There are 2 protein chains.
Amino acid sequence: MIEGINKHFENRIRLGIMSLLMVNQRLDFNRMKESLQVTDGNLASHLNGLEREKYIEVRKSFIGKKPNTSYRATSEGVEAFKQHLNALESIINIKNQNERN
Amino acid sequence: MIEGINKHFENRIRLGIMSLLMVNQRLDFNRMKESLQVTDGNLASHLNGLEREKYIEVRKSFIGKKPNTSYRATSEGVEAFKQHLNALESIINIKNQNERN
DNA sequence: GTATTAACTTTGAATATCAAAGTACTTTTA
DNA sequence: TAAAAGTACTTTGATATTCAAAGTTAATAC
């Protein structure tokens, strides 16, 4: 019933990060911070957690003269996240099935 | 993006409890324990948490001579959970949209 | 040379999570 | 009738998670 749930994606901010990285193949720190409405410290630590699991990768570069740190999901991360979403999807389907009665 | 997520449902065991109570309008302690594969202490504490939020209700009775404690989702709980699932659903949709490209 | 931007790290407190053990009460079994 | 088992917890304690706030480093803009 709940075996497919990946504990690294349970947290809403992590869920948000991964979702953003499904839609944008690459996204930078500040855009994420805006989208998710979190403090930079909090965001950084969740990004760290996902990097530790090799679900995301970091790239540091410059845009013009400004430093820019951007992130993308690894293929491992994409797979793991899809599995997680499938698990959630099947939970939702249980609900919808019930609704038809 | 992640505003609809209800923190009381983030945990996988809580997610499981609520899902079970969407499908079964009433379910007892031991069946839940089996379905979710958790220790009784752990289950009891999550049930407590959901009860504290008034998302579920408890009924104590006897089946034959055995004590039986069963649970059902309150309408408040059903509503809150549906909202949560909608939030998850929209995250999943983002992914699926992306998949078409 | 002060302020600002970017992207953190560190700190520390609060909360969450979980297994294991303990409890209370009853019933079943030998 | 004594021991074992079932039901449904509560308590304990250790560990993990989460978060905001403050501090840091290094560059750039004013």
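Everything numeric in this text was worked out from a predicted model, so none of it was measured.
- Of the listed nucleotides (D:dT18, C:dC18, C:dC8), C:dC8 has the atom at the smallest distance from the side chain of A:Thr69.
- Remark: P of C:dA16 and CD of B:Glu53 are 9 Å apart, rounded to the nearest angstrom.
- In this structure, B:Asn48 places its CG atom 10 Å from P of D:dT11, rounding to the nearest Å.
- Contact annotation for B:Leu43: no contact, since no heavy-atom pair falls under 4.0 Å across all strands.
- Around CZ of A:Arg31, the count of heavy atoms belonging to other residues, nucleotides or ligands within 6.0 Å does not exceed 12.
- Closest-nucleotide positions on DNA chain D for B:Asp28 and A:His46 were compared, and the one nearer the 5' end corresponds to B:Asp28.
- Taking a 6.0 Å sphere around CD of B:Glu10, one finds it holds more than 12 heavy atoms contributed by other residues, nucleotides or ligands.
- Note: CZ (B:Arg52) to C1' (D:dT10) measures 13 Å, nearest angstrom.
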For every nucleotide of nucleotides 20-30 of chain D, 5' to 3': is a protein heavy atom under 4.0 Å from its base (B), only from its sugar-phosphate (S), or from neither (-)? SB------S--
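- When the nearest nucleotides of DNA chain C are assigned to A:Ala44 and A:Glu10 by heavy-atom distance, the more 5′-ward of the two goes with A:Ala44.
- Ring pair B:Phe81/B:Tyr55: centre-to-centre distance not below 6.0 Å.
- Within the structure, the side chain to side chain donor-acceptor pair (under 3.5 Å) test picks out the following pairs touching residues 32-42 of chain B (sequence neighbours left out): B:Asn42-B:His46.
- Whole-Å rounding puts the B:Glu34 CD to D:dA8 C1' distance at 15 Å.
- Nearest-nucleotide positions on DNA chain D place B:Asn30 closer to the 5' end than the other of B:Asn30 and A:Asn11.
- B:Lys33 places its NZ atom 9 Å from the P atom of D:dA8, with the value rounded to the nearest Å.
- When distances are taken from the side chain of A:Asn68 to each of D:dA8, D:dT18, C:dA7, the shortest belongs to C:dA7.
- Look at CD on B:Glu51: it is 14 Å from P on D:dA8, rounded to the nearest Å.
- Within the model, atoms CG of A:Asn68 and CZ of A:Phe29 stand 11.5 Å from one another, a figure rounded to the nearest 0.5 Å.
- As a whole-Å value, the separation of A:Ile13 CD1 from C:dA16 P is 15 Å.
- For A:Tyr71 and C:dA7, the shortest distance from a side-chain N or O to OP1 or OP2 is not below 4.0 Å.
- Proximity note for A:Arg14 (side chain, C-beta onward) versus C:dT9, D:dA8, D:dT18: the nearest is D:dT18.
- Checked against D:dT18, D:dT10, C:dA16, the side chain of B:Lys7 finds its nearest nucleotide in C:dA16.
- For the pair B:Arg12 CZ and D:dA16 C1', the computed distance is 15 Å after rounding to whole Å.
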